[in-house]
Protein chains: 2
Amino acid sequence: MVNTNRIAEIGLLIGEPARAAMLDALMDGRALTAGELAGVAGITPQTASGHLARLSDANLLAVERQGRHRYHRLASAEVADLIESVARIAAVTLPQTRRPVTGPRDAQMRLARTCYDHLAGGLGVAVTDALVAKGVIAFDDGAGIVAPDGLDRLAALGIAVDDAARRTTRPLCRPCLDWSERRPHLAGRLGAAVCRHFLERHWVTRIADSRALFITPKGRQALRAEFGIAEIG
Amino acid sequence: MVNTNRIAEIGLLIGEPARAAMLDALMDGRALTAGELAGVAGITPQTASGHLARLSDANLLAVERQGRHRYHRLASAEVADLIESVARIAAVTLPQTRRPVTGPRDAQMRLARTCYDHLAGGLGVAVTDALVAKGVIAFDDGAGIVAPDGLDRLAALGIAVDDAARRTTRPLCRPCLDWSERRPHLAGRLGAAVCRHFLERHWVTRIADSRALFITPKGRQALRAEFGIAEIG
DNA sequence: CGGATGCTTCGGTCTGGGCCGTAGCGTCGC
DNA sequence: GCGACGCTACGGCCCAGACCGAAGCATCCG
């Protein structure tokens with residue numbers, strides 16, 4: 001058994017509001033500077049610096065120097081999964097008082113956002129449902145399956161799974177429980193490929209300082225034409 | 001987004017050595033008394049009582065009164081998954097110095113143990129491999145698949161998935177990365193059914209105060225006859 | 001009923017760690 | 001080179017919370 005002290009250490013790293021906020025801010029897979037992270041956590045840069053050093057030492061974060069900036073990002077998809085697990089419990093654990101905390105910004109998040117590196121929210125589950133309806137993928141009791149000709153059919157749409165990452169342990173196709181929708185959306189390497197495709201074609205664009213995504217008119221048209229999705233929500 | 005403070009709270013609950021030790025001790029799915037948990041954590045009962053109250057308040061634990069005892073167990077399989085996620089990161093995170101901390105007790109754990117409610121260790125992956133070889137189940141890039149006739153073939157062996165639990169969200173078949181073996185073993189409702197089968201037939205018995213399992217002579221024979229497993233390790 | 005057992009509550013001590021102000025180091029632009 | 005900027009290291013303050021001893025409840029047993 002892994003020493004339980006190691007488990008506690010990881011828990012402790014997450015168990016601090018400022019660090020949790022920073023980790024959450026990095027959940028979209030992008031890299032942010034120490035200053036930006038200090039901002040989202042509501043603390044001074046020098047305090048943030050200490051936190052980030054600890055997170056990096058524990059290999060939860062990876063840091064990349066670029067000039068006088070230091071960009072921090074989650075060290076791996078596994079770390080993102082960890083945060084997801086915690087957040088899932090956090091949501092379940094919470095007594096169901098006043099579930100929908102609907103702000104204007106919240107609405108955008110519910111409509112479309114990224115979850116680490118794949119699509120989530122109404123858009124995420126809609127695209128997932130469409131792929132299931134097409135028979136490209138299927139979910140069997142929480143396990144993801146790709147049809148034998150699934151990858152070829154996706155390639156025909158211009159969606160290519162990153163071959164360089166094939167040898168990693170990261171799952172190809174995996175369901176990920178969506179917070180706002182409470183239903184699974186597509187995750188794994190395939191989910192990342194779909195998300196990349198949407199961003200590259202400018203079907204969606206990132207909304208500043210947020211994981212929320214804006215669905216462009218071009219995107220709405222493509223959703224209708226290629227996935228048969230007329231309305232989201 | 002779920003308030004990041006909620007995430008931090010969960011992290012904080014795990015991020016304390018005594019609580020982490022208690023949660024880990026409950027990872028085999030059994031229920032333990034407050035006194036026993038105080039023992040494994042190396043603290044006095046009154047301190048443990050405080051910790052347990054907090055864990056219960058946060059719905060990480062469920063408690064059942066029985067006479068003057070109070071039995072504590074993990075509140076759900078999702079909590080077990082959470083601890084698993086943390087432990088997985090803890091193992092990966094750790095610089096690879098002196099990997100195998102081989103004690104006499106550790107060896108037994110590596111050979112066979114429970115992981116929440118399914119088989120793990122050498123035995124866990126061996127049984128999993130056998131089921132894969134038989135074509136009953138398959139893992140596709142981290143996703144678990146059951147063959148169309150899989151459940152029927154398992155039923156023929158006397159292994160029945162609990163139908164009462166069919167409506168839960170818990171996955172039927174799911175790979176779970178094994179610490180000691182660093183390869184996936186079978187988890188999910190199917191994994192629980194297999195483990196239950198092994199225990200009911202007395203193919204394995206629990207070793208006191210541990211998640212480790214002892215493989216009985218009867219069990220070794222059954223492994224050879226029904227799964228074609230001659231040697232484990 | 002009285003004692004033993006299991007657990008919880010309360011009160012008080014003490015340490016770990018989060019926080020910021022100040023200062024120091026490296027990088028960029030003029 | 002010089003100042004502005006981003007980040008990190010150090011020192012000191014302060015508080016949350018982990019811990020235990022003592023005491024209080026509840027339950028079981030003789």
Side-chain angles (χ1 to χ4, degrees), chain A residues 3-26 30-73 75 209, chain B residues 3-26 30-73 75 209:
Chain A
N3 191 341
T4 59
N5 283 331
R6 291 287 311 161
I7 296 180
E9 279 175 41
I10 304 291
L12 200 59
L13 287 171
I14 301 173
E16 207 283 326
R19 285 195 293 261
M22 293 195 261
L23 288 168
D24 181 63
L26 293 170
R30 282 181 300 178
L32 300 179
T33 66
E36 290 170 322
L37 288 167
V40 303
I43 52 180
T44 59
Q46 61 269 35
T47 303
S49 177
H51 287 309
L52 292 169
R54 290 183 62 179
L55 291 168
S56 291
D57 285 348
N59 283 110
L60 293 189
L61 296 185
V63 47
E64 207 169 324
R65 305 190 42 152
Q66 220 171 89
R68 56 181 161 182
H69 297 278
R70 293 205 173 181
Y71 286 92
H72 299 264
R73 59 177 174 78
D209 297 330
Chain B
N3 191 341
T4 59
N5 284 331
R6 291 288 310 161
I7 295 180
E9 279 176 40
I10 304 291
L12 199 60
L13 287 171
I14 301 173
E16 207 283 326
R19 285 194 293 261
M22 292 195 263
L23 288 169
D24 181 63
L26 294 169
R30 283 181 300 180
L32 300 179
T33 66
E36 290 170 322
L37 289 168
V40 304
I43 52 179
T44 59
Q46 63 268 34
T47 303
S49 177
H51 286 310
L52 291 169
R54 290 184 62 180
L55 290 169
S56 292
D57 285 348
N59 282 110
L60 292 190
L61 296 185
V63 47
E64 207 169 326
R65 304 189 44 151
Q66 220 169 89
R68 57 181 160 180
H69 296 278
R70 293 204 174 182
Y71 286 92
H72 300 262
R73 60 177 172 77
D209 298 328

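Each chain gets a letter, A, B and so on, in the order the sequences are listed, and its residues count up from 1. Computed over heavy atoms, backbone and side chain alike; hydrogens, waters and symmetry mates excluded.
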### Task
When you get a sec, tell me which of D/dG17, D/dT8, D/dC19 is the closest nucleotide to the side chain of A/R70?
D/dT8

### A/M22 side chain reached by A/L61 side chain, heavy atoms, under 4.5 Å
no

### Rounded distance in Å - CE (B/M22) to C1' (D/dA18)
11 Å

### Query
Between A/H72 (NE2) and D/dG6 (C1'), how many Å, whole number?
10 Å

#### Entry: B/R19 side-chain N/O to A/A8 backbone N/O, donor-acceptor pair under 3.5 Å
no

### Query
CG of A/N5 versus P of D/dA18: gap in Å, rounded?
15 Å

### Query
Would one find a side-chain N or O of B/T47 under 4.0 angstrom from OP1 or OP2 of D/dA18?
no

### Message
Can you give me the bend angle of the helix from C/dC1-D/dG30 to C/dC30-D/dG1? Use the axis through the first five pairs and the one through the last five, nearest 10 degrees.
### Response
30°

## Note on the structure
When rounded to whole Å, the CD to P distance for the pair B/E9 and D/dA16 reads 15 Å

### Message
Tell me the interatomic distance from A/L12, atom CG, to D/dA18, atom C1', rounded to whole angstroms.
### Response
12 Å

#### Entry: Which residue lies more 5' along DNA chain D, comparing B/R68 with B/R19 via nearest heavy atoms
B/R19

### Message
I need the CG-P distance between B/L52 and D/dA18, as an integer number of Å.
### Response
13 Å

### Query
According to a strict under-4.0 Å criterion, is A/T33 in side-chain N/O contact with OP1 or OP2 of D/dG6?
no

### Message
Less than 4.0 angstrom between a side-chain N/O of A/R65 and OP1 or OP2 of D/dG6, yes or no?
### Response
no

### Query
What integer distance in Å separates B/H69:NE2 from D/dA26:C1'?
12 Å

### First-last contacting nucleotides on DNA chain C - partner chain B, under 4.0 angstrom, heavy atom
C/dA4 to C/dT9

### Query
Hey, which of these two, A/H51 or B/P45, hits DNA chain C nearer its 5' end, going by closest nucleotide?
B/P45

